[in-house]
Amino acid sequence: MKSDTSARLTDAWQIAGVTFTSRFLLGTAGYPSPQALRQAMLAAGAQVVTVGLKRQLAAAAGDNGFVAMIRRTLSETGARLLPNTAGCTTAREAVQLAQMARELYDTPWIKLEVVGDEYTLQPDPVQLVEAAAQLARDGFTVFPYCTDDLVTCKRLLDAGCPLLMPWGAPIGSGQGLINPFALRLLRERLPDVPLIIDAGIGAPSHAAQAMEMGFDAVLLNSAVSQSPDPVRMAGAFRFGIEAGRAAYLAGVMAKQDFAVATTPVTGDPFLIGSPSNLP
């Protein structure tokens with residue numbers, strides 16, 4: 001039997017030519033302290049950590065140790081930073097913020113968020129595609145936060161995005177996968193595209209469900225940071241994601257609309273004991 005480490009290595013995956021063994025991407029907002037965030041990052045085993053540029057600049061101005069802790073933990077773990085454009089509402093604003101992030105962090109990776117509705121925080125598909133196309137032309141590796149709409153997802157791929165990050169539910173809602181049909185359709189229609197569920201995950205079971213459906217990874221934040229015990233919750237999500245992926249690889253049984261006997265029924269009675277013990 002393979003060890004857990006060797007099993008993860010043989011199930012490695014790639015983003016823009018970079019190989020990863022963890023399928024858990026973790027956000028960094030809302031933790032009770034920098035120390036709690038650091039411990040959660042370690043418990044999660046995440047190899048990609050996302051941070052909002054606007055939020056980090058504010059934290060740096062407050063000199064609360066957030067920036068230094070993030071950089072130190074990334075250095076210790078070898079994880080990669082994924083800056084994001086959270087809070088942007090136009091393509092122009094998102095592009096400008098992405099350019100600042102590249103200068104500040106020396107990375108072409110950017111999680112692209114362009115909000116179109118303040119109530120649901122739903123992405124604006126028109127502004128999102130416009131920003132993605134511009135950033136791709138500028139040499140960025142764009143991780144677009146989008147809805148589960150197939151047509152919008154295809155437009156983002158045409159714009160140059162190497163992967164997609166459809167939501168499971170509105171950001172921070174904790175509702176889980178509210179439209180499994182649309183998500184399954186995305187997975188079926190885009191079999192060779194890396195798909196990462198981003199937003200709306202509230203429990204490890206939600207993350208496991210996404211992985212069982214064949215999604216490549218899960219990105220979440222609030223479900224860990226808002227837990228009374230974020231470190232333990234980070235570990236729980238890590239195990240849930242690994243379990244869901246293992247189930248997908250093993251093959252989840254098909255659902256039936258009727259009962260199916262698990263014990264074969266034949267014409268001969270099933271007798272306990274050997275023939276020598278029978279009268």
Side-chain angles (χ1 to χ4, degrees), residues 2-16 18-53 55-56 58-60 62-84 86 101 104-107 109 111 143 165 171-172 174 194 196-208 210-211 215-246:
K2 295 181 179 179
S3 68
D4 290 343
T5 301
S6 62
R8 285 195 295 271
L9 289 174
T10 57
D11 188 37
W13 64 302
Q14 289 192 339
I15 302 176
V18 180
T19 301
F20 297 97
T21 56
S22 170
R23 294 172 181 269
F24 187 2
L25 289 71
L26 186 66
T28 57
Y31 287 82
S33 68
Q35 293 72 29
L37 170 57
R38 179 180 183 276
Q39 293 172 3
M41 290 169 62
L42 295 174
Q47 294 173 310
V48 178
V49 177
T50 185
V51 62
L53 182 59
R55 183 180 300 113
Q56 184 158 351
D63 192 26
N64 64 357
F66 177 86
V67 176
M69 185 282 302
I70 286 285
R71 293 184 182 277
R72 184 171 62 253
T73 307
L74 291 175
S75 178
E76 291 174 357
T77 62
R80 293 180 68 106
L81 187 67
L82 177 63
N84 71 55
L104 181 61
Y105 301 116
D106 191 28
T107 176
W109 284 20
K111 179 188 172 187
F143 292 60
M165 303 181 74
I171 293 175
I196 302 171
I197 292 293
D198 178 15
I201 297 295
S205 57
H206 300 158
M211 300 304 295
F215 282 83
D216 295 282
V218 171
L219 191 159
L220 59 91
N221 179 65
S222 299
V224 172
S225 67
Q226 301 305 306
S227 168
D229 189 343
V231 178
R232 177 172 290 184
M233 185 60 75
F237 269 103
R238 178 179 184 172
F239 296 139
I241 290 168
E242 291 179 355
R245 178 63 181 175

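These numbers come from the heavy atoms of this one structure, side chains and all, not from hydrogens, waters or symmetry mates. Computed from a predicted structure; not experimentally measured.
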**Study point:** Audit row: T21, W13, side-chain contact (heavy atoms from CB on, under 4.5 Å) steps and yes/no
**Key:** CA-CA 6 Å; T21 56; W13 64 302; over 6 Å; no

Exercise for review: Applying side-chain contact (heavy atoms from CB on, under 4.5 Å), run through Y31 and N221 and close with a yes or a no.
Suggested key: CA-CA 9 Å; Y31 287 82; N221 179 65; 3.7 Å; yes

Exercise for review: Check the pair T50 / L219 against side-chain contact (heavy atoms from CB on, under 4.5 Å), numbers first and verdict last.
Suggested key: CA-CA 9 Å; T50 185; L219 191 159; 4.1 Å; yes

**Study point:** Derivation of the side-chain contact (heavy atoms from CB on, under 4.5 Å) call for L26 and M41
**Key:** CA-CA 7 Å; L26 186 66; M41 290 169 62; 4.0 Å; yes

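R38 is linked by a side-chain hydrogen bond (donor to acceptor under 3.5 Å, both in side chains) to E76, counting only residues two or more places apart in sequence or in another chain.
The distance from atom CZ of F215 to atom CD1 of I197, rounded to the nearest 0.5 Å, is 4.0 Å. Atom CZ of F24 sits about 9.5 Å away from atom CZ of R238, to the nearest 0.5 Å. Between the CZ atom in F237 and the NE2 atom in H206 there is a gap of 8.0 Å [rounded to 0.5 Å]. Rounding to the nearest 0.5 Å places OG of S227 at 9.5 Å from CZ of R232. With values rounded to the nearest 0.5 angstrom, L81 atom CG is found 9.0 Å from L104 atom CG. Rounding to the nearest 0.5 Å places CD of Q39 at 10.0 Å from OG1 of T73.
The two residues I171 and A199 come nearest to each other via the heavy atoms CG1-CB, 3.7 Å. Closest heavy-atom contact between P194 and Q14: CG-O, 4.3 Å. Between A234 and A40, the closest heavy-atom pair is CB-O, 3.5 Å. Between A223 and I201, the shortest heavy-atom contact is CB-O, 3.4 Å. The two atoms that bring G172 and S222 nearest to each other are CA-OG, 4.0 Å, heavy atoms only. Taking each heavy atom of L53 and A101 in turn, the nearest pair found is CD2-N, 3.8 Å.
Looking at heavy atoms from C-beta onward, M233 lies in side-chain contact with P204 at the 4.5 angstrom threshold. The side-chain heavy atoms of V231 and D229, taken from C-beta on, include a pair separated by under 4.5 Å. By the 4.5 Å heavy-atom criterion applied to side chains, F143 and D198 are not counted as neighbours. Using a 4.5 Å cut-off on side-chain heavy atoms (C-beta onward), L25 and I196 make contact. Here the side chains of V18 and R80 are in contact, with some heavy-atom distance below 4.5 Å.
With hydrogens and angles disregarded, a donor-acceptor distance shorter than 3.5 Å links the side chain of Q47 to the backbone of S22.
Comment: R23 engages D11 in a salt bridge, judged by a side-chain N to carboxylate O separation of less than 4.0 angstrom.
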